[in-house]
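I have placed the structure first, in the form of structure tokens, so that the comments after it can refer back to it.
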Number of protein chains: 2
Amino acid sequence: MAASKPIERLTLSTLVAERLRGDILAGTYLPGQQLHEVELALALGVSRGPLREAMQRLVQEGLLTSIPHRGVFVVDLSEDDLRDVFFVRASLEEAAVRRIVSGGTRSATAKLLHGIADRMDKAMRAGDSAVGGDLDFAFHRTLVDGAGSARLSRTYATVQAETRLCLHRLMGGYRRRADLALEHVRLADLIASAPLDAVLEELHRHFGDPAATLRRSLKDSDGAAEDTTR
Amino acid sequence: MAASKPIERLTLSTLVAERLRGDILAGTYLPGQQLHEVELALALGVSRGPLREAMQRLVQEGLLTSIPHRGVFVVDLSEDDLRDVFFVRASLEEAAVRRIVSGGTRSATAKLLHGIADRMDKAMRAGDSAVGGDLDFAFHRTLVDGAGSARLSRTYATVQAETRLCLHRLMGGYRRRADLALEHVRLADLIASAPLDAVLEELHRHFGDPAATLRRSLKDSDGAAEDTTR
DNA sequence: GATTGTCGGATTGTCAACAATCCGACAAGT
DNA sequence: ACTTGTCGGATTGTTGACAATCCGACAATC
């Protein structure tokens, strides 16, 4: 007999949090939009208690903001927020890279990253930006997971969620760029065997300058296939 | 007339979260201890709803862990947890140092840090380890705050809280070491004007090896004035 | 016209009651 | 003796009702 995992129990508040997180990240709600408890509880078929608990979680994750006695609102991220998100994301990814390159997970991580980069290349060639975008996120998440630090990964998840919000809010979504997948392949190559400095340099190049990316994005609002970093 | 700040509204759940956080960090509850909702709500004079919301927050902060239908427990941190906490803390502090040294907050941050280090020195000379310990935490928090990143500071706060838990759980509290305050003075000096590499090197030295620190702490359980890092 | 005061409606915050879950103790069956 | 089934008690999870808060609209006053 195969060994089994314990059955995972999920409270209603957990399920509600997951649903809301997905909807927020999918852009279902406008930035700054208020989530009305009574209306939302009715729509989800739950009472307000678990909904409040769920929203509390998302407030902690940075996706919602709560004003006592006024309500809970979807965050409205500014250009400064974008800069901050990118700064923290970059810091976390760098920390992960430092650990991966100096530790025992280097080749395993590179292998996973190569897998994702290849699938991302295929998706891009097939013109499927949505899948490509998801794989882009997965690439970076896998990179951070490669450090083997639960807390680093958990922190990264929240910041990555905010990145998605920034994409919707400030940049009009994930955009395809011709060589984006190849950049990821290159990163995976470097992570496999390059010196730390070379990896970090490429990572920096890969991120670019968030503000400049934003400005280009706003100028090219009719979609000139310009880069949007993840 | 002086300009006034808006009056801050606090929900009961916020107040409960703050109280619980303080009590947990003060070691009021044993590692792994269950917090019983009915009993605790009675003791705090609130209903279970706000208490549940508060506990949800602390679960997100990593101080509590929730098992559906079983209850909420104070986290029981292992040696691996200690390593992880220290790794993430160090990563965040490094990221802060990189930004401070390359940005415009260098001298202001160093000034604040010097102030704290001096007060810490005085407290240590006066034999007041508790104040010294609090100042030690404040030093590092101020260092991270100097990066001017709200998200970095917020993340650091949660990891620092876990550090305090580790101290209680695994190391028997904050211990005084003769030259600890001077180490902080030295760090503040380096942050004021040294090259990045020198600052980072001293920061690494300052942290030491968490596992070795733990082992020394367990061996010296009768208190040989050995270092406990923050 | 500007300022102050009042009120009602919408919404959030809290509470207490009931439902659901889980675990341990005990009984029954093999 | 070991395994399976049942039940009760303790606790958590959810619900709906009531309390509290806030804001905007409107009236009254200067």
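Note on naming: letters A, B, ... go to the chains in the order of the sequence lines (proteins, then strands), and numbering restarts at 1 for each one.
The ring pair (Phe, Tyr, Trp, His ring centres under 6.0 Å) check on B:F139 picks up B:H184, with sequence neighbours excluded. In this structure A:D23 satisfies the salt bridge (charged side-chain N to carboxylate O under 4.0 Å, His left out) test with no other residue, sequence neighbours excluded. With sequence neighbours excluded, the residues that form a side-chain contact (heavy atoms from CB on, under 4.5 Å) with B:T65 are B:F73, B:V75. With sequence neighbours excluded, no residue satisfies salt bridge (charged side-chain N to carboxylate O under 4.0 Å, His left out) with B:D145.
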Determine, for nucleotides 12-23 of chain D in 5'-to-3' order, which nucleotides have protein heavy atoms under 4.0 Å from the base (write B), from only the sugar-phosphate (write S), or from neither (write -). BBBB-B---SSS
Side-chain donor/acceptor pairs under 3.5 Å, residues 109-119 of chain A, sequence neighbours excluded:
residue	atom	partner	partner atom	Å
A:T109	OG1	A:T105	O	2.7
A:H114	ND1	A:A110	O	3.1
A:H114	NE2	A:D189	OD1	2.5

Compile the donor-acceptor pairs under 3.5 Å between side chains in residues 30-43 of chain B and protein atoms, sequence neighbours left out, one pair per line.
residue	atom	partner	partner atom	Å
B:Q33	OE1	B:L30	N	2.6
B:Q34	NE2	B:R70	O	2.9
B:E37	OE1	B:R48	NE	3.0
B:E37	OE1	B:R48	NH2	3.0
B:E37	OE1	B:R52	NH1	3.4
B:E37	OE2	B:R52	NH1	2.6

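A:Q160 and A:H140 are not linked by any side-chain donor-acceptor pair at a separation below 3.5 angstrom, with hydrogens and angles left out of the test.
With rounding to whole Å, B:L51 atom CG is found 15 Å from C:dA16 atom C1'.
Sorted by residue number, the list of members of residues 56-65 of chain A with any non-hydrogen atom under 4.0 Å from DNA chain D is empty.
For the side-chain hydrogen bond (donor to acceptor under 3.5 Å, both in side chains) condition, the pairs that include at least one residue of residues 12-21 of chain A, sequence neighbours left out, are A:T11-A:S13, A:T11-A:T14, A:S13-A:R57, A:T14-A:R57, A:R21-A:E61.
D:dC30: Watson-Crick or G-U partner is C:dG1, with both key distances under 3.5 Å.
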